[in-house]
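Notes to accompany the following structure.
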2 protein chains.
Amino acid sequence: MTIADVARAAGVSKMTVSNVTSGRVGVRPETRARVLAAIEHSGYQVNPLARALAGGRSRLIGITVPSLSWPYVGEIVQGASQAAEAAGLDLAVFTWPSGQPLPDGLALLRHLTGGLLSILPPDLEDESIWPRSAPSPPQVSVGGPGRYQLLVDNYGGARQAAAYLADLGHTRIAHIVGATDTAPHDAAERLRGYRDELHSRGLALPDAYVSPGTYHERSGLDAAQALLRLPDPPTAIFAANDAMAVGAVHAAQDLGLRVPHDLSVVGFDDLPSARAVRPNLTTVRQPLRDLGRLGVLWLGALARGEQPSSPHILPTELVVRESSGPGPSRFKGVL
Amino acid sequence: MTIADVARAAGVSKMTVSNVTSGRVGVRPETRARVLAAIEHSGYQVNPLARALAGGRSRLIGITVPSLSWPYVGEIVQGASQAAEAAGLDLAVFTWPSGQPLPDGLALLRHLTGGLLSILPPDLEDESIWPRSAPSPPQVSVGGPGRYQLLVDNYGGARQAAAYLADLGHTRIAHIVGATDTAPHDAAERLRGYRDELHSRGLALPDAYVSPGTYHERSGLDAAQALLRLPDPPTAIFAANDAMAVGAVHAAQDLGLRVPHDLSVVGFDDLPSARAVRPNLTTVRQPLRDLGRLGVLWLGALARGEQPSSPHILPTELVVRESSGPGPSRFKGVL
DNA sequence: CGGGTTGATTTTACCGGTATAATTTAGCGG
DNA sequence: CCGCTAAATTATACCGGTAAAATCAACCCG
């Protein structure tokens, strides 16, 4: 079933059929009806491959993600998905594990000229990964390097968290750092924000209060356990993501501490699970769905020849729930 | 940069370049080297679109999923992803919300003849959704209808769970049913397994013990709350998935009950989060990654002309952790 | 009633590859 | 050194569409 078959059946030229299927104007209603009937009757469907090859464009956009079992990523994709649907675009998701070479599937995307949205890309600039002089569809990078980048205010968010805990009266605030391999930028910025905020308030910051993690729940548990066994343990822990914050809560509970009474815990992300956990997690909300949504919008703008101002940094928002409370010093003052 | 440019630069015909890039034999090493040099020098990359259009095949396979923020789905995709990589295939993920019409992106896939793996497809057979007489790439369905289906033994898994709880001495075992819209088959089968097992043991099964849910944590919480407030509350709850089981645990804790001492809870899925929750969840493990892996393997087999025996039903496995314990009747017997 | 428009439709060429058949080249025995 | 065969290479056609230019028809007006 090709366009030629339909044309023959309808008694018109291929081009007229093409004009009908592409919704172009300048086809007599009567002719259009005949073509439509022939299409209906034959069950014909345009071949998007041929269309993209000949037409030089396509309604398919690609999105690359480091992993799909990371809920964080799912949220972004969900946002992108909705925006794509609203814009009448199709979204194909490709996993591109960080550090890996470019999968061949991406070669397809590069020729499918709808555009490419990369979540935490290994490195969009690195020529050893992404061959140079390749035809480049519009590309937008989320949380990584690139010509057009969409970022979250990790630094500001971390300061918000630290400031919030300090305002509650906590003076011994520890931090569990995120993974420095998969998303080096984010982890480093959150650490910097935390450091700067404590510093600006003249709070002590022993080296032992900065504990490395991997973004996984287990690493948060281990790190918190070590922190809480310190001779001078923290009364609040700011974890670089929600999963590690949950781990920290569990570590505290294992040691017989109550959250938030004995230990305040603040996370980062505000994934849906932050609300499905006991106690509900106080956390720094990242606008993940907006990230995906904006990415698709930018792709659309780029296709129209517009140039979004890059980088664009989205603000975070502190969401106070049940895992955080007044610090011990504040209590003492009240009593 | 097209194949013609490379051919000109290397002083050979397009066809020779094609033979080199496709790894076909019958090219003199010396010629091959010259072509390779020209490719290297120009940064040429084959256009997979043109190749698929002309050659009638492709190494790209598609996978459709109802949603990407469902962790359940992420696991399957992860499995498929690994298998695809191992097989040298590229995997593109398309979201196809249940009940929705077929996204255009799938039209692309249908012409990119690598094959299609559908997770919980709305209905692969329904012609109003998936137009008939379309060129059909090999299609495998996971957990849904279709010519080649890969299923999990939901019925058996539910019986395992119910049997386990009964063996522990529980006699009042309730069930929180899964969503009947998104994955009607799974929810119904789990309910049936639960029913049959209790029945075969002559255990009472009041209507009130079967409570509807939506697979979300919140619905599990609500359902469990209602169950526990019954005049004759259950001592064990089998939830149709892990999220609702977590909700049930929370409901119990809210009412001052201890899990597993006062209430045993068993889930279904064994997602990574089942281990990151307190108490660790006893649950029926679904081989989700295997499902994805097998799906890709089947696609490969179909491409080679082999015919996997369908449907194939994968067994489940009961994973006992901390959320379940002996029933009260057993205790009484011992005392 | 002929020339100028406008609108609908078709013709021709091409997108960037591959299949197949035809052609050239190389190798070999006699 | 010739004829024959196998290997390497190339010419041609085609995959299924679209772009742009060309054609055709109908209409308007002086």
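Everything numeric in this text was worked out from a predicted model, so none of it was measured. All chains are named by letter (A, B, ...) in the order of the sequence lines, taking the proteins before the strands, and each is independently numbered beginning at 1.
The outermost nucleotides of DNA chain D lying under 4.0 Å from heavy atoms of chain B, listed 5' to 3', are D:dA8 to D:dG16.
Between A:Leu53 atom CG and A:Ser58 atom OG the span is 11.5 Å, to the nearest 0.5 Å. Note that the CZ atom of A:Arg28 and the OG1 atom of A:Thr16 stand 10.0 Å from one another [nearest 0.5 Å]. Note that CG of B:Leu294 is 5.5 Å distant from NE2 of B:His312, once rounded to the nearest 0.5 Å.
A donor-acceptor pair shorter than 3.5 Å cannot be found between the side chains of A:Arg51 and A:Ser18. Side-chain contact check for A:Ser141 and A:Arg147: no donor-acceptor pair (N or O, by modelled atom type) lies under 3.5 Å.
Under a 3.5 Å cut-off, the side chain of B:Ser118 and the backbone N or O of B:Thr64 do not form any donor-acceptor pair. Put simply, the side chain of B:Asp5 gets close to the backbone of B:Thr2: a donor and an acceptor are under 3.5 Å apart.
Ring centroid separation for the pair A:Tyr72 and A:Trp70 comes in under the 6.0 Å cut-off.
Along DNA chain D, the nucleotide nearest A:Ala54 and the nucleotide nearest B:Asn19 are compared for position; the residue whose nucleotide lies closer to the 5' end is B:Asn19.
Residue B:Thr2 is in sugar-phosphate contact alone, with no base atom involved, counting any heavy-atom pair closer than 4.0 Å across all strands shown.
Near DNA chain D, defined here as any heavy-atom distance below 4.0 Å, the residues from residues 24-35 of chain A are A:Arg24, listed numerically.
To the nearest angstrom, P of C:dA8 lies 15 Å from CE of A:Met15.
For C:dT18, one of the phosphate oxygens OP1 or OP2 lies less than 4.0 angstrom from a side-chain nitrogen or oxygen of B:Ser22.
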